[in-house]
Amino acid sequence: MSYSIEPDAGGSMPATTMKRIALAAGLAVALFVAYMFTLWFVIREEVNADDVLVLVRKTGRTIPAELGEEFEDQIVLYPELLDKLAVYEGRELPSDNDELQALRTKMTNRYKGVVLEPLKEGRYYPNPYSYKRVRDKVTVIGQGEVGVLIRKFGRPLKFPKTVATEPDERGPVAHTLGPDRYYINMLAYDVQKFPAIQIPAGHVGVVTLLSGDEPSVKNTYTVGPGEQGVQRQTLEPGLEYFNPYLKKIDIVDLRNRTYHMLGEDAIHFPSNDSFTISIEGTIEWSIMPERVAEVTVAFGDEQDIIDRIILPYARSISRIEGSKLQARDFISGTTRSRFQNTLKHELEAACRERGVTIHSALVREIIPPPEVASLISQREQADQEIDRSRNQIEEAQAEARLVEQREMQTRNAALGDARRQTVSLTKEAEQRKIISVTDANRQLEVARLDLESASKQAKAIIARGQADANVILYDYQARAEPLKSAVDAFGGGMVYAQHFFLQKIAPSIQSVLSNTEGPFADIFKSFQDFSPPVKPLAQGGDQ
């Protein structure tokens with residue numbers, strides 16, 4: 001059956017229909033307002049910066065008893081339990097980490113219990129029907145503090161473990177919390193705060209591991225790293241944050257310490273002549289740094305080391321060495337010093353084997369028995385007087401030797417001065433000789449160089465004269481060579497002379513004399529009558 005709203009004849013809806021629509025709209029608005037009011041004022045949770053919000057799921061399945069007794073009392077939905085529940089329901093655990101986390105979230109929404117991860121600062125809308133909300137404060141570990149988580153869920157610890165090293169073990173967690181702010185689910189954990197330990201300078205920390213592996217070597221004072229027992233490796237000075245459930249730290253002083261054997265602690269022993277001797281002394285000692293853990297375990301603290309090592313050995317050595325001497329020997333300074341050195345060396349060797357170093361063992365006072373003290377003192381004074389006289393004699397002898405040495409030094413000084421003057425004069429004569437020889441050699445060298453220079457200059461003058469003569473000769477030869485060639489060309493010197501003569505006087509003749517007689521004309525006649533000589537034919541040629 002369907003209904004429809006038809007308008008009336010005037011085109012408007014009926015009044016009842018309008019009322020229904022208004023009622024429905026008002027109801028929708030009221031429901032929306034109620035929902036927003038509930039969401040904002042009832043469901044909404046505002047988590048501040050100093051708070052954490054823990055959700056406890058109230059609805060869903062309970063943890064089945066078939067999982068085993070170890071899961072019967074579990075109220076925290078931790079990852080290992082969620083994996084067990086998934087396998088119990090027949091689900092296969094995925095190898096991918098994101099898929100595994102998604103499966104664990106799904107299993108958390110199906111079972112009752114405390115959600116492990118708390119909600120940090122922010123705004124959340126958890127369903128109040130499904131979840132109970134528990135608000136708590138942020139855990140703050142201050143400076144100089146260390147926090148230890150006490151896990152409330154998981155399997156109980158097996159003996160002899162003292163801390164939880166696996167994520168599904170119940171009890172104190174091995175790792176610690178340093179100074180910081182932590183968002184911790186206080187329904188799943190408790191937090192215990194301990195002060196950090198300060199190891200001063202000159203000290204070390206001896207660590208005893210309360211939980212760890214079984215020692216590989218049994219019946220030893222110390223064990224290796226990670227093994228349960230006293231660790232060989234010690235802690236250096238500084239601030240150490242440690243878990244008291246996992247480690248125990250004993251602070252041991254490595255500095256030099258002094259033990260005074262006074263009063264009741266003085267050493268008493270019989271001398272060789274049956275007198276009781278008392279010795280008061282001071283022993284300075286320290287623990288060897290490389291064996292501090294061993295010494296601490298084997299003997300104990302400072303007083304234990306004194307009572308069990310230093311004092312017994314000091315008494316034993318003093319009695320053994322003191323029984324070899326008579327009472328009067330302990331008053332003598334040399335015997336006392338020898339006894340003190342023997343005590344130090346023997347005590348040092350004995351204590352070194354047990355990890356203790358003896359720096360000094362001083363005998364402050366040796367107390368002889370009263371009945372012999374005065375006699376021994378008088379004898380000692382006589383011995384001292386003898387020693388004083390002997391010292392005076394030695395001083396006089398030393399003074400005489402000193403005067404003799406001074407005279408010898410004066411004599412040696414005079415001899416030294418004479419030797420120095422002789423050496424000085426000899427050196428001066430040798431130096432003058434060397435200077436004279438050097439000057440003569442220099443003059444000889446200068447004369448030799450002058451001779452060589454003069455010789456070279458004479459050769460140069462001769463060479464220049466020869467060169468000038470050669471120049472003149474070559475000049476005359478150059479002038480004579482054309483004349484010789486001209487004479488040879490005219491067939492003889494006479495012909496060339498006539499030619500030359502005529503050539504010179506020809507321009508001066510202005511007219512030819514018409515008279516062919518006379519001395520002047522005879523000259524020219526002689527030229528006409530002259531005929532050149534006939535060259536002889538070569539031998540064997542034509543005539």
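Only a predicted model underlies this, so the values are computations on that prediction, with no experimental measurement involved.
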So Glu280 and Arg364, salt bridge (Lys or Arg N to Asp or Glu O under 4.0 Å) or not? Walk me through it.
CA-CA 6 Å; Glu280 294 182 349; Arg364 301 174 60 179; over 6 Å; no

Apply the test salt bridge (Lys or Arg N to Asp or Glu O under 4.0 Å) to residues Lys433 and Glu430: give CA-CA distance (whole Å), side-chain angles for both, the deciding distance (0.1 Å), then the verdict.
CA-CA 5 Å; Lys433 175 183 176 182; Glu430 290 179 353; over 6 Å; no

Report the C-alpha distance between Tyr183 and Val138 in whole Å, list the side-chain angles of each, state the deciding distance to 0.1 Å, and finish with yes or no for side chain to side chain contact (heavy atoms under 4.5 Å, CB included).
CA-CA 5 Å; Tyr183 299 92; Val138 170; 3.6 Å; yes

Please determine whether side chain to side chain contact (heavy atoms under 4.5 Å, CB included) holds for the pair Ile305 and Trp285, giving the CA-CA distance in whole Å, both sets of side-chain angles, and the decisive distance to 0.1 Å.
CA-CA 10 Å; Ile305 294 174; Trp285 64 279; 3.8 Å; yes

Let me see the working for Thr108 and Leu82 under side chain to side chain contact (heavy atoms under 4.5 Å, CB included), right down to the final yes or no.
CA-CA 7 Å; Thr108 301; Leu82 297 175; 3.3 Å; yes

Start with the C-alpha distance between Glu45 and Arg135, add both sets of side-chain angles, then the distance that settles salt bridge (Lys or Arg N to Asp or Glu O under 4.0 Å), and finish with yes or no.
CA-CA 10 Å; Glu45 281 287 345; Arg135 188 183 293 268; 2.4 Å; yes

Given side chain to side chain contact (heavy atoms under 4.5 Å, CB included), test Tyr124 with Val47 step by step and report yes or no.
CA-CA 8 Å; Tyr124 303 95; Val47 182; 3.7 Å; yes

Apply salt bridge (Lys or Arg N to Asp or Glu O under 4.0 Å) to Lys161 and Glu169, showing your working.
CA-CA 11 Å; Lys161 294 184 68 174; Glu169 288 182 331; 3.0 Å; yes

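Note on Glu445 versus Arg442: no salt bridge recorded, every NZ/NE/NH1/NH2 to OD/OE distance being 4.0 Å or above. Ion pairing between Asp168 and Arg151 fails under the 4.0 Å rule for side-chain N and carboxylate O.
Annotation: side chain of Leu53 is in contact with side chain of Arg133 (closest heavy-atom distance under 4.5 Å). Leu187 places a side-chain heavy atom less than 4.5 Å from the side chain of Val56. Two residues are said to be in side-chain contact when any heavy atoms from C-beta on lie closer than 4.5 Å; Val148 and Leu177 fail this criterion. Side chains of Glu452 and Arg448 form a contact here, defined as non-hydrogen atoms less than 4.5 Å apart. Contact annotation: the side chain of Val54 approaches that of Val114 to within less than 4.5 Å [non-hydrogen atoms, C-beta and beyond]. Taking 4.5 Å as the limit, every side-chain heavy atom of Glu290 sits out of range of all side-chain heavy atoms of Glu294. Inter-residue side-chain proximity for Val191 and Tyr182 is flagged as unmet; no heavy-atom pair is nearer than 4.5 Å. Leu81 has its side chain within reach of Leu67: a pair of non-hydrogen atoms, C-beta onward, lies under 4.5 Å apart.
One distance of note links OG1 of Thr296 with CG of Asp250; it measures 7.5 Å at 0.5 Å rounding. Here the OG1 atom belonging to Thr105 is positioned 11.0 Å from the CG atom belonging to Leu77, to the nearest 0.5 angstrom. A distance of 11.0 Å separates CG in Asp180 from OG1 in Thr139, rounded to the nearest 0.5 Å. Taking CD from Glu284 and CG from Leu362, the interatomic distance works out to 8.5 Å, rounded to the nearest 0.5 Å. The distance from the CD1 atom of Ile184 to the CD1 atom of Ile141 is 6.5 Å, given to the nearest 0.5 Å. Atoms CG and CE, on Leu415 and Met408 in that order, are 9.0 Å from each other to the nearest 0.5 Å.
In this structure, Asp98 and Asp96 approach most closely via the heavy-atom pair N-OD2, 3.2 Å. Looking at every heavy atom in both residues, Leu347 comes nearest to Ile317 through N-CD1, 3.3 Å. For the pair Ser318 and Ala314, the tightest heavy-atom approach, listed with the atom from each and the gap, is OG-O, 2.7 Å. Contact record, Ala174 with Leu246: O-CD2, 4.3 Å, taken as the closest heavy-atom pair. Shortest non-hydrogen contact noted between Val230 and Tyr221 is CB-O, 3.8 Å. Leu209 and Gln228 make their closest contact through O-CG, 3.4 Å (heavy atoms, listed as atom of the first residue, atom of the second, distance).
Under the 3.5 Å distance criterion, the side-chain polar atoms of Glu145 are matched with a main-chain donor or acceptor of Gly142. The main-chain N or O of Pro312 is never found under 3.5 Å from a side-chain atom of Ser316 such that the two would form a donor-acceptor pair. The backbone N or O of Leu449 lies less than 3.5 Å from no partner atom in the side chain of Ser453, so there is not a single donor-acceptor pair. Under a 3.5 Å cut-off, the side chain of Glu99 and the backbone N or O of Ser95 do not form any donor-acceptor pair. Checked by atom type and distance alone, the side chain of Asp253 never pairs as donor or acceptor with a backbone atom of His203 at under 3.5 Å. Asp136 contributes no side-chain N or O that, together with a main-chain N or O of Asp51, makes up a donor-acceptor pair within less than 3.5 Å. Side-chain atoms of Lys152 come within 3.5 Å of backbone atoms of Met186 as a donor-acceptor pair (strictly under, hydrogens ignored). The main-chain N or O of Ile287 is never found under 3.5 Å from a side-chain atom of Arg291 such that the two would form a donor-acceptor pair. Listed for the Asn48 side chain is no donor-acceptor partner under 3.5 Å among the backbone atoms of Glu121. Without hydrogens or angle criteria, Gln231 side chain to Glu227 main chain gives a donor-acceptor distance under 3.5 Å.
With a 6.0 Å radius and a threshold of 12 heavy atoms from other residues, nucleotides or ligands, Lys427 has its NZ atom at or below the threshold. For NZ of Lys193, the number of neighbouring non-hydrogen atoms (other residues, nucleotides, ligands) closer than 6.0 Å is greater than 12. Counting non-hydrogen atoms of neighbouring residues, nucleotides and ligands closer than 6.0 angstrom, the CD atom of Gln233 reaches no more than 12 such neighbours.
Under 3.5 Å, the side chains of His268 and Thr276 contain no donor-acceptor pair of N or O atoms. Using modelled atom types and a 3.5 Å distance limit, the side chains of Gln303 and Asp307 yield a donor-acceptor pair. Residues Tyr313 and Glu346 bring no donor and acceptor atom of their side chains to less than 3.5 Å of each other.
Ring geometry, Tyr78 versus Phe71: the interplanar angle falls under 30°, so the pair is classed parallel (tilted spans 30 to 60°).
Between Phe194 and Phe242, a ring centre-to-centre spacing not shorter than 6.0 Å is recorded.
Qualifying side chain to side chain donor-acceptor pair (under 3.5 Å) partners for Arg181, counting only residues two or more places apart in sequence or in other chains: Asp50.
Here side chain to side chain donor-acceptor pair (under 3.5 Å) pairs that include residues 390-416, with residues two or more places apart or in two chains, are Asp387-Arg390.
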